[in-house]
Amino acid sequence: MTSISPLSNVVEKGLKGNHENKKEENLIKISEIKNLLIIQIVQYKSSTISIEDISIDNLNLKNEPLTVASNSNTRILWNGPKNWLLVSTKKNLIKNISEIFNENDFAITDLSHSRAIIELEGSEAIEVIKKGCPFNFNTLEKNNSINSTYNGITFTVDMISDNPCKIRLFALRSFGESLYHSITDASLEFGFKSS
Amino acid sequence: MLYIKCPYCGMRSQNEFAYGGDANVKRPELNEEVSDKIWDEFVYLRKSPRGKHIELWHHISGCRQWFKVQRDTTTHEIFRTAAINEDIK
(Lines give C-alpha, C1' and ligand atoms only; values in the text may rest on other atoms or scores of the structure.)
Protein backbone atom coordinates (compact mmCIF):
# COMPACT_ATOMS: atom_id res chain seq x y z
CA MET A 1 0.00 0.00 0.00
CA THR A 2 1.38 3.41 -0.88
CA SER A 3 1.08 6.01 1.83
CA ILE A 4 0.27 9.68 1.27
CA SER A 5 2.72 11.94 3.05
CA PRO A 6 1.19 14.36 5.59
CA LEU A 7 2.44 17.48 3.78
CA SER A 8 1.97 16.38 0.17
CA ASN A 9 -0.80 18.95 -0.38
CA VAL A 10 1.15 21.98 0.84
CA VAL A 11 4.80 21.53 -0.09
CA GLU A 12 5.71 23.54 -3.20
CA LYS A 13 9.29 22.99 -4.28
CA GLY A 14 11.45 25.94 -5.20
CA LEU A 15 13.03 29.13 -3.91
CA LYS A 16 10.69 31.30 -1.82
CA GLY A 17 10.70 34.55 0.10
CA ASN A 18 13.66 36.90 0.19
CA HIS A 19 16.01 34.68 -1.82
CA GLU A 20 17.08 37.11 -4.56
CA ASN A 21 20.72 38.23 -4.56
CA LYS A 22 21.54 35.47 -2.09
CA LYS A 23 23.58 32.35 -2.64
CA GLU A 24 21.52 29.20 -2.53
CA GLU A 25 23.75 27.66 0.14
CA ASN A 26 22.93 30.61 2.45
CA LEU A 27 19.21 30.02 2.27
CA ILE A 28 17.26 27.97 4.80
CA LYS A 29 16.41 24.53 3.47
CA ILE A 30 12.97 23.27 4.41
CA SER A 31 11.94 19.74 3.57
CA GLU A 32 9.43 17.13 4.58
CA ILE A 33 10.96 13.93 5.93
CA LYS A 34 9.03 10.81 5.02
CA ASN A 35 9.20 7.09 5.58
CA LEU A 36 10.68 7.12 9.06
CA LEU A 37 9.82 4.61 11.71
CA ILE A 38 8.43 6.49 14.73
CA ILE A 39 7.78 4.49 17.88
CA GLN A 40 6.59 5.75 21.23
CA ILE A 41 8.04 3.79 24.15
CA VAL A 42 6.46 4.21 27.57
CA GLN A 43 7.58 2.34 30.67
CA TYR A 44 4.68 1.68 33.02
CA LYS A 45 4.87 3.34 36.43
CA SER A 46 4.53 -0.07 38.07
CA SER A 47 7.51 -1.44 36.12
CA THR A 48 10.65 -2.00 38.15
CA ILE A 49 13.06 -3.24 35.46
CA SER A 50 16.19 -1.24 34.77
CA ILE A 51 16.30 0.55 31.41
CA GLU A 52 20.12 0.61 31.46
CA ASP A 53 20.22 -3.01 30.33
CA ILE A 54 18.06 -2.32 27.28
CA SER A 55 19.70 -1.58 23.96
CA ILE A 56 18.02 -0.82 20.63
CA ASP A 57 20.23 -0.51 17.55
CA ASN A 58 23.15 -0.23 20.01
CA LEU A 59 21.52 2.73 21.77
CA ASN A 60 20.45 2.84 25.42
CA LEU A 61 17.38 4.60 26.75
CA LYS A 62 18.30 7.57 28.93
CA ASN A 63 15.85 8.92 31.48
CA GLU A 64 17.33 12.42 31.39
CA PRO A 65 15.51 15.56 30.22
CA LEU A 66 16.41 16.93 26.76
CA THR A 67 18.73 14.06 25.87
CA VAL A 68 18.82 12.27 22.54
CA ALA A 69 20.68 8.99 22.08
CA SER A 70 21.66 8.69 18.45
CA ASN A 71 23.61 6.96 15.73
CA SER A 72 23.52 7.42 11.96
CA ASN A 73 20.18 5.61 11.57
CA THR A 74 18.29 5.95 14.81
CA ARG A 75 17.53 8.66 17.33
CA ILE A 76 15.84 8.11 20.69
CA LEU A 77 14.33 11.31 22.08
CA TRP A 78 13.44 11.81 25.74
CA ASN A 79 9.77 12.77 25.72
CA GLY A 80 9.01 12.77 29.44
CA PRO A 81 9.72 10.60 32.50
CA LYS A 82 9.89 6.98 31.30
CA ASN A 83 8.68 8.11 27.89
CA TRP A 84 10.74 8.10 24.67
CA LEU A 85 10.24 8.65 20.97
CA LEU A 86 12.31 6.41 18.73
CA VAL A 87 12.87 7.71 15.19
CA SER A 88 14.70 5.53 12.72
CA THR A 89 15.33 5.00 9.04
CA LYS A 90 15.46 1.26 9.77
CA LYS A 91 11.86 0.22 9.26
CA ASN A 92 12.50 -3.36 10.35
CA LEU A 93 13.56 -2.20 13.81
CA ILE A 94 9.94 -2.61 14.91
CA LYS A 95 10.48 -6.39 15.06
CA ASN A 96 13.44 -6.01 17.42
CA ILE A 97 11.53 -3.53 19.57
CA SER A 98 8.59 -5.91 19.95
CA GLU A 99 10.99 -8.62 21.09
CA ILE A 100 13.08 -6.44 23.41
CA PHE A 101 10.29 -4.73 25.31
CA ASN A 102 8.15 -6.88 27.57
CA GLU A 103 4.49 -5.92 27.22
CA ASN A 104 4.03 -6.12 30.99
CA ASP A 105 6.55 -3.32 31.48
CA PHE A 106 6.29 -1.17 28.35
CA ALA A 107 3.66 0.25 26.04
CA ILE A 108 4.94 0.34 22.47
CA THR A 109 2.99 2.39 19.92
CA ASP A 110 3.77 2.80 16.24
CA LEU A 111 3.26 6.49 15.40
CA SER A 112 4.91 6.34 11.96
CA HIS A 113 1.74 7.44 10.14
CA SER A 114 0.53 9.97 12.68
CA ARG A 115 3.34 12.52 12.66
CA ALA A 116 4.37 15.17 10.16
CA ILE A 117 8.11 15.85 10.08
CA ILE A 118 9.70 19.05 8.82
CA GLU A 119 13.46 19.46 8.62
CA LEU A 120 15.12 22.89 8.63
CA GLU A 121 18.74 23.42 7.75
CA GLY A 122 20.72 26.64 7.69
CA SER A 123 22.25 29.25 9.93
CA GLU A 124 18.92 31.12 10.31
CA ALA A 125 16.87 27.99 11.07
CA ILE A 126 16.98 28.60 14.81
CA GLU A 127 15.73 32.19 14.28
CA VAL A 128 12.69 30.79 12.47
CA ILE A 129 11.90 28.53 15.41
CA LYS A 130 12.40 31.36 17.92
CA LYS A 131 9.69 33.40 16.20
CA GLY A 132 6.88 31.09 17.25
CA CYS A 133 8.23 29.11 20.19
CA PRO A 134 8.71 30.54 23.72
CA PHE A 135 11.60 28.20 24.61
CA ASN A 136 15.04 29.73 25.22
CA PHE A 137 16.93 28.20 22.29
CA ASN A 138 20.26 29.56 23.49
CA THR A 139 20.28 26.63 25.92
CA LEU A 140 19.55 23.98 23.30
CA GLU A 141 22.59 22.05 22.07
CA LYS A 142 23.31 19.34 19.56
CA ASN A 143 21.50 16.09 20.37
CA ASN A 144 18.94 17.81 22.58
CA SER A 145 15.20 17.65 22.09
CA ILE A 146 12.28 19.51 23.60
CA ASN A 147 8.51 19.45 23.46
CA SER A 148 6.97 22.88 23.19
CA THR A 149 4.51 24.94 21.13
CA TYR A 150 4.89 26.82 17.86
CA ASN A 151 2.18 29.44 17.39
CA GLY A 152 -0.01 27.30 19.64
CA ILE A 153 0.75 24.01 17.88
CA THR A 154 2.32 21.37 20.10
CA PHE A 155 5.51 20.09 18.52
CA THR A 156 8.80 18.33 19.23
CA VAL A 157 12.15 19.87 18.30
CA ASP A 158 15.12 17.59 17.67
CA MET A 159 18.44 19.40 17.30
CA ILE A 160 20.35 17.08 14.98
CA SER A 161 23.32 19.36 14.40
CA ASP A 162 24.33 22.84 15.54
CA ASN A 163 26.99 23.59 12.94
CA PRO A 164 25.47 23.73 10.39
CA CYS A 165 22.18 24.07 12.23
CA LYS A 166 19.86 21.20 11.38
CA ILE A 167 16.56 20.79 13.19
CA ARG A 168 13.77 18.28 12.85
CA LEU A 169 10.24 19.24 13.89
CA PHE A 170 7.55 16.68 14.70
CA ALA A 171 3.87 17.58 14.96
CA LEU A 172 0.67 15.60 14.96
CA ARG A 173 -0.16 14.74 11.36
CA SER A 174 -3.39 16.76 11.47
CA PHE A 175 -1.46 19.87 12.57
CA GLY A 176 1.32 19.30 10.02
CA GLU A 177 -0.04 21.59 7.31
CA SER A 178 -0.66 24.43 9.79
CA LEU A 179 2.83 24.04 11.22
CA TYR A 180 4.33 23.98 7.72
CA HIS A 181 2.53 27.23 6.86
CA SER A 182 3.72 28.83 10.11
CA ILE A 183 7.31 27.75 9.52
CA THR A 184 7.41 28.88 5.88
CA ASP A 185 5.77 32.22 6.75
CA ALA A 186 8.42 32.82 9.40
CA SER A 187 11.15 31.87 6.90
CA LEU A 188 10.09 34.34 4.18
CA GLU A 189 12.27 37.19 5.45
CA PHE A 190 15.39 34.99 5.29
CA GLY A 191 14.57 33.32 2.00
CA PHE A 192 14.27 29.54 1.82
CA LYS A 193 14.52 26.59 -0.48
CA SER A 194 11.65 24.18 -0.22
CA SER A 195 12.28 20.60 -1.31
CA MET B 1 3.54 35.74 30.86
CA LEU B 2 4.51 33.39 33.67
CA TYR B 3 7.55 31.17 33.61
CA ILE B 4 6.98 27.89 35.42
CA LYS B 5 9.70 25.46 36.42
CA CYS B 6 8.53 21.99 35.45
CA PRO B 7 10.10 19.48 37.91
CA TYR B 8 11.08 17.32 34.93
CA CYS B 9 11.88 19.69 32.02
CA GLY B 10 13.02 22.88 33.74
CA MET B 11 11.95 26.50 33.21
CA ARG B 12 9.29 26.86 30.53
CA SER B 13 6.75 29.39 29.34
CA GLN B 14 3.20 29.33 30.70
CA ASN B 15 2.00 28.67 27.10
CA GLU B 16 3.08 25.06 27.49
CA PHE B 17 0.98 24.44 30.61
CA ALA B 18 -2.65 23.97 31.54
CA TYR B 19 -4.03 24.98 34.94
CA GLY B 20 -5.50 22.06 36.85
CA GLY B 21 -7.12 23.63 39.91
CA ASP B 22 -6.60 23.51 43.66
CA ALA B 23 -4.07 20.87 44.75
CA ASN B 24 -5.42 20.73 48.31
CA VAL B 25 -8.71 19.06 47.41
CA LYS B 26 -8.91 15.54 48.83
CA ARG B 27 -11.23 12.97 47.33
CA PRO B 28 -13.52 11.24 49.87
CA GLU B 29 -12.26 7.77 50.79
CA LEU B 30 -13.30 4.99 48.46
CA ASN B 31 -15.86 2.39 49.60
CA GLU B 32 -17.12 4.57 52.43
CA GLU B 33 -20.53 6.12 52.90
CA VAL B 34 -20.35 9.74 51.69
CA SER B 35 -23.06 12.28 52.46
CA ASP B 36 -24.41 14.51 49.69
CA LYS B 37 -22.96 17.52 51.51
CA ILE B 38 -19.41 16.11 51.55
CA TRP B 39 -19.69 15.02 47.91
CA ASP B 40 -21.05 18.45 46.93
CA GLU B 41 -18.13 20.14 48.69
CA PHE B 42 -15.61 17.85 46.99
CA VAL B 43 -17.05 18.40 43.51
CA TYR B 44 -18.04 22.08 43.57
CA LEU B 45 -16.76 24.09 46.50
CA ARG B 46 -13.34 25.71 46.23
CA LYS B 47 -11.58 28.31 48.32
CA SER B 48 -10.33 31.39 46.57
CA PRO B 49 -7.47 32.49 48.79
CA ARG B 50 -5.58 35.75 48.47
CA GLY B 51 -1.88 34.96 48.73
CA LYS B 52 -0.01 31.67 48.64
CA HIS B 53 -1.94 28.85 47.03
CA ILE B 54 -0.94 25.32 46.02
CA GLU B 55 -2.21 24.40 42.58
CA LEU B 56 -2.05 21.57 40.07
CA TRP B 57 -0.58 22.29 36.65
CA HIS B 58 -0.21 20.03 33.65
CA HIS B 59 2.77 20.33 31.29
CA ILE B 60 0.46 19.52 28.43
CA SER B 61 2.72 20.64 25.57
CA GLY B 62 5.86 19.27 27.21
CA CYS B 63 6.42 16.10 29.22
CA ARG B 64 2.66 15.73 29.88
CA GLN B 65 3.17 15.33 33.63
CA TRP B 66 0.98 16.75 36.40
CA PHE B 67 2.78 18.58 39.19
CA LYS B 68 2.22 21.03 42.06
CA VAL B 69 2.93 24.75 42.03
CA GLN B 70 2.92 27.11 45.00
CA ARG B 71 1.86 30.49 43.59
CA ASP B 72 0.83 33.83 45.05
CA THR B 73 -2.61 34.58 43.64
CA THR B 74 -2.13 38.35 43.91
CA THR B 75 1.40 38.79 42.56
CA HIS B 76 1.61 35.55 40.50
CA GLU B 77 5.02 34.92 42.04
CA ILE B 78 5.86 31.22 41.97
CA PHE B 79 7.67 30.02 45.09
CA ARG B 80 8.05 26.29 44.49
CA THR B 81 7.12 23.49 42.16
CA ALA B 82 7.13 19.81 43.04
CA ALA B 83 6.33 16.44 41.55
CA ILE B 84 2.81 15.20 42.19
CA ASN B 85 3.94 12.74 44.89
CA GLU B 86 5.92 15.38 46.79
CA ASP B 87 4.57 17.71 49.44
CA ILE B 88 4.83 21.48 49.41
CA LYS B 89 4.73 22.95 52.94
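All chains are named by letter (A, B, ...) in the order of the sequence lines, taking the proteins before the strands, and each is independently numbered beginning at 1. Side chains included, hydrogens not; waters and symmetry mates left out as well; all remaining heavy atoms used.
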* **Plane angle bin for A/F135 and A/F137 - parallel if under 30°, tilted between 30 and 60°, otherwise perpendicular** =>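 Rings of A/F137 and A/F135: perpendicular, over 60°.
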* Asked: Any idea which of A/P81, A/G152, A/C133 has the most non-hydrogen atom pairs under 4.5 angstrom with chain B?
  ->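 Between A/P81, A/G152, A/C133, the count favours A/P81.
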* Could you list the residues that satisfy salt bridge (Lys or Arg N to Asp or Glu O under 4.0 Å) with B/E86, not counting sequence neighbours? => none
* Asked: Can you tell me if B/T73 uses its side chain to pair, donor with acceptor, with the backbone of B/G51 under 3.5 Å?
  -> yes
* Pair A/N147-A/T156, side-chain donor/acceptor within less than 3.5 Å -> yes
* chain A: which of B/C63, B/S61, B/S13 shares the most heavy-atom pairs with it under 4.5 Å? -> B/S61
* Heavy-atom distances under 4.5 Å only: say whether A/N79 touches chain B with side chain, backbone, both or neither. =>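 Both parts, backbone and side chain.
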